[in-house]
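Below is one structure, written out as structure tokens; comments come after it.
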Amino acid sequence: MHGATRAAIGPRHLRTDRWWLAPALTAGGLLAFVLYSTWRAFANADYYAAPYVSPFYSPCLAENCVPMKGGPNWEILGSWWGLSPALLILIFPLGFRLTCYYYRKAYYRGFWASPPACAVAEPHKKYTGETRFPLIVQNIHRYFFYAALPVAGILTYDTVLAFRDEHYAFGHMGLGSLVFLVNIVLIWAYTLSCHSCRHIVGGRLKHFSRHPVRYRLWGWVGRLNARHMQLAWASLISVAAADFYVYLVASGAFEDPRFF
């Protein structure tokens, strides 16, 4: 911006619009989710109200979970784990989102100002990108994608179980069932719209004509990928809403309306 070969322009940028509004809203939205999810993860309470289980606590990998009949009770770690079981599972969807290409852009601009907006210089004296620690860790995004797939599968199972009543009988639907259904659709749409998914499906193919199935799948993922930002925010809001709905029902603040 101010090198010897550059024009001697005093201001760091010439934008007169409210360029700061977008990164400020992004930072506010992400910070709100971080605060809410941290509270719920450490609360270790009000995360199960038959037949609904919070997506923050599924699957349960320790013995200190509330028993969930037919639910995702996997007591793999035994009784030695004394903290909230949500801390064992949230690392996978959290790592998937933190290394996601869209979320990188979001928190780079919203928190690190690298850069805060187009045509606005970043305040850092030196730019190293993702070539050094800790940002070089972003390259493990594909592996978090592999971990996110079974998590989405488990949440799909939880959604099926949500079509039971409080006595675990199938063939019933409440408002929570719809909340879970919307959430899992958005979760899968966001997961499959991932850039890594698009590369895995159709990447490294020299001749699409020789791989018509993969080419068609690549096209479908590509159309989802074009809405990756919207799906990222929608799924972030929906997973928090699903957890909050379970919290309201489990704490007795709200009674789940039953349609049939």
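These figures come from a predicted structure and were not determined experimentally. We're numbering straight along the sequence, starting at 1.
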Donor-acceptor pair, [X] side chain versus [Y] backbone, under 3.5 Å?
{"X": "Arg198", "Y": "Leu224", "answer": "no"}
{"X": "Tyr36", "Y": "Phe244", "answer": "yes"}
{"X": "Arg109", "Y": "Ala117", "answer": "no"}
{"X": "Asn64", "Y": "Leu83", "answer": "yes"}
{"X": "Arg164", "Y": "Tyr52", "answer": "no"}
{"X": "Ser58", "Y": "Leu155", "answer": "no"}
{"X": "Trp81", "Y": "Ser84", "answer": "yes"}
{"X": "Tyr47", "Y": "Arg40", "answer": "no"}
{"X": "Tyr57", "Y": "Cys65", "answer": "no"}

Could you walk me through whether Tyr245 and Asp256 pass the side-chain hydrogen bond (donor to acceptor under 3.5 Å, both in side chains) check?
CA-CA 9 Å; Tyr245 188 89; Asp256 180 48; 2.4 Å; yes
What about [X] and [Y], same hydrophobic cluster or not, with Ile/Leu/Val/Met/Phe/Trp/Tyr joined at side-chain heavy-atom distances under 4.5 Å?
{"X": "Tyr247", "Y": "Leu161", "result": "no"}
{"X": "Leu149", "Y": "Ile140", "result": "yes"}
{"X": "Ile237", "Y": "Leu98", "result": "no"}
{"X": "Leu248", "Y": "Tyr48", "result": "yes"}
{"X": "Phe259", "Y": "Phe170", "result": "no"}

If you count heavy atoms of other groups shown closer than 6.0 angstrom to [atom1] of [X], is the number above 12?
{"X": "Glu255", "atom1": "CD", "value": "no"}
{"X": "Phe111", "atom1": "CZ", "value": "yes"}
{"X": "Tyr146", "atom1": "OH", "value": "yes"}
{"X": "Arg15", "atom1": "CZ", "value": "yes"}
{"X": "Tyr103", "atom1": "OH", "value": "yes"}

How far does [atom1] of [X] sit from [atom2] of [Y], to the nearest 0.5 angstrom?
{"X": "Thr38", "Y": "Phe42", "atom1": "OG1", "atom2": "CZ", "value": "7.0 Å"}
{"X": "Trp19", "Y": "Leu21", "atom1": "CH2", "atom2": "CG", "value": "11.0 Å"}
{"X": "His172", "Y": "His167", "atom1": "NE2", "atom2": "NE2", "value": "9.0 Å"}
{"X": "Phe180", "Y": "Phe163", "atom1": "CZ", "atom2": "CZ", "value": "10.5 Å"}
{"X": "Trp74", "Y": "Ile89", "atom1": "CH2", "atom2": "CD1", "value": "8.0 Å"}
{"X": "His141", "Y": "Arg97", "atom1": "NE2", "atom2": "CZ", "value": "11.0 Å"}

Is there a side-chain contact between [X] and [Y] in this structure, where contact means two heavy atoms from C-beta onward sitting under 4.5 Å apart?
{"X": "Pro115", "Y": "Val120", "result": "no"}
{"X": "Thr156", "Y": "Trp188", "result": "yes"}
{"X": "Pro55", "Y": "Asp158", "result": "no"}

For [X] against [Y], the heavy-atom pair lying closest together:
{"X": "Tyr102", "Y": "Ala232", "answer": "CD2-CB, 3.8 Å"}
{"X": "Pro116", "Y": "Pro23", "answer": "O-CG, 3.5 Å"}
{"X": "Ala226", "Y": "Gln230", "answer": "O-OE1, 4.3 Å"}
{"X": "Pro51", "Y": "Arg258", "answer": "CD-NH2, 3.3 Å"}
{"X": "Leu231", "Y": "Ala189", "answer": "CD1-O, 3.6 Å"}
{"X": "Ser193", "Y": "Asn225", "answer": "O-ND2, 2.8 Å"}

Asn183 and side-chain contact (heavy atoms from CB on, under 4.5 Å): which single residue from Leu181, Ile187, Val179 fits?
Ile187
Would you call the rings of Phe33 and Phe56 parallel, tilted or perpendicular if under 30° counts as parallel and over 60° as perpendicular?
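Ring orientation, 0 to 90° scale: perpendicular.
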From CA spacing to verdict: ring pair (Phe, Tyr, Trp, His ring centres under 6.0 Å), Trp218, His211:
CA-CA 10 Å; Trp218 179 81; His211 306 273; over 10 Å; no
ring-ring contact (aromatic ring centres under 6.0 Å, His included) partner of His195, the single match among Phe145, Phe96, Tyr101, Tyr190
Tyr101
Should the SG of Cys194 and the SG of Cys100 be checked, would they turn out to be under 2.5 Å apart?
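Not so, these two cysteines form no disulfide.
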Take Tyr108 and Thr26, measure what side-chain contact (heavy atoms from CB on, under 4.5 Å) needs, and give me the verdict at the end.
CA-CA 10 Å; Tyr108 283 1; Thr26 297; over 6 Å; no
Kindly determine whether Leu30 and Leu236 satisfy side-chain contact (heavy atoms from CB on, under 4.5 Å), including the steps that lead there.
CA-CA 9 Å; Leu30 292 178; Leu236 193 72; 4.2 Å; yes
Residues which pass side-chain hydrogen bond (donor to acceptor under 3.5 Å, both in side chains) with His199, listed by chain and number, not counting sequence neighbours
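side-chain hydrogen bond (donor to acceptor under 3.5 Å, both in side chains) list for His199, sorted by chain: Arg142.
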